[in-house]
Amino acid sequence: MKSIDAEPFAYPLPPDTLPVLIVIDMQRDFIEQGGFGSALGNDVSLLLDIVPTVKKLIQAFRDLDLPVIHTREAHKADLSDCPQSKRLRGDCKLRIGDKGPMGRVLIDGEPGNAIIPELTPIEGEYELTKPGKGAFYNTSLQEILDKHGTTLLLFAGVTTEVCVQTSMREANDRGYQCLLVEDATESYFPEFKRAAIDMITAQGAIVGWVADCDEVVEALKDTYGK
Ligand code: TIU
């Protein structure tokens, strides 16, 4: 069986199981000035650097006809899916639902809630809104994965220790083999990215595996290429 050269050990790629890529929250809210990320007091410029790598990873999945799921952290316009505990938390100038420079913050359909133009999903890919940090909570992710019959999930996106790690932990408990693409994820806090990766891979991949984009792409082509 082929595998991805990963940490803490090889990630097996059974030829009869197709991996699914989950790209977490590569939306303007977190990556551009004036969105939720900057309202929380973060330097959002750090996150821009991974865009070419995320694009390359998505392209590899497209070339191999493998499923891609994009998520967006988003709430309904009436905020009925946003707990007050989330909306009122922190010392923010702009809160979820308030009108900012890119429209209402973290609200589905607003300009700031869109996936950044470089990574816009194409026909045939899934685009899921998620009201929580985890991609399974209050979404149809489980049904989509059931439809594809996969056990292999590869993760990219932002931020490593918040929505990416939460989603990986949710997936791990549901029986998926989770691999995080290290250079296709980022945090506002480099030390938190490092810590999250250490937590994920420690104790014999207690949450999952980590590998670089190039290792992943090479192994996918080798295993699933025609
Ligand atoms: N604040 C932060 O680091 N992240 C989030 O609020 N959401 C996601 O990670 N997508």
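As the structure lists them, so they are numbered: ligands from 1, and atoms in each ligand from 1. None of these values were measured; they are calculated from a predicted model.
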Which ring pair (Phe, Tyr, Trp, His ring centres under 6.0 Å) pairs, counting each pair once, include a residue from residues 186-226, with sequence neighbours left out?
Phe9-Trp209, Tyr11-Trp209, Phe189-Phe192

Got an N/O contact under 3.5 Å between Lys133 and ligand 1?
yes

Protein contact to atom 4 (N) of ligand 1 [nearest heavy atom, distance to 0.1 Å]
Thr159 OG1, 3.5 Å

Nearest protein heavy atom with distance in Å, relative to atom 8 (C) of ligand 1:
Cys163 SG, 2.6 Å

Numbered atoms and elements of ligand 1 in range of Tyr188, under 4.0 angstrom, heavy atoms
3 (O)

among protein heavy atoms, the one nearest atom 5 (C) of ligand 1 is Phe30 CE2, 3.4 Å

Backbone N or O of Ala77 within a donor-acceptor pair of the Arg104 side chain at under 3.5 Å?
yes

Considering only the protein, which heavy-atom contact is closest to atom 7 (N) of ligand 1, and what is its distance?
Glu73 OE1, 2.9 Å

If we set the cut-off at 4.0 Å for heavy atoms, which region of Val158 has an atom near ligand 1: side chain, backbone, both, or neither?
backbone

For atom 1 (N) of ligand 1, the closest protein heavy atom turns out to be Leu40 CD1, 3.6 Å

Would you say CD of Glu125 has more than 12 non-hydrogen atoms from neighbouring residues, nucleotides or ligands within 6.0 angstrom?
yes

Quick check: does any side chain N or O of Arg87 sit under 3.5 Å from a backbone N or O of Ile96, one acting as donor and the other as acceptor?
yes

Measuring centre to centre across the rings, with the benzene-like ring taken for any Trp, is Phe36 within less than 6.0 Å of His75?
no

Under 3.5 Å between some N or O of ligand 1 and some N or O of Asp25?
yes

For the side chain of Arg194 and the backbone of Pro190, is there at least one donor-acceptor N/O pair under 3.5 Å apart?
no

Counting only heavy atoms from other residues, nucleotides and ligands, does the tally under 6.0 Å from CD of Gln203 exceed 12?
no

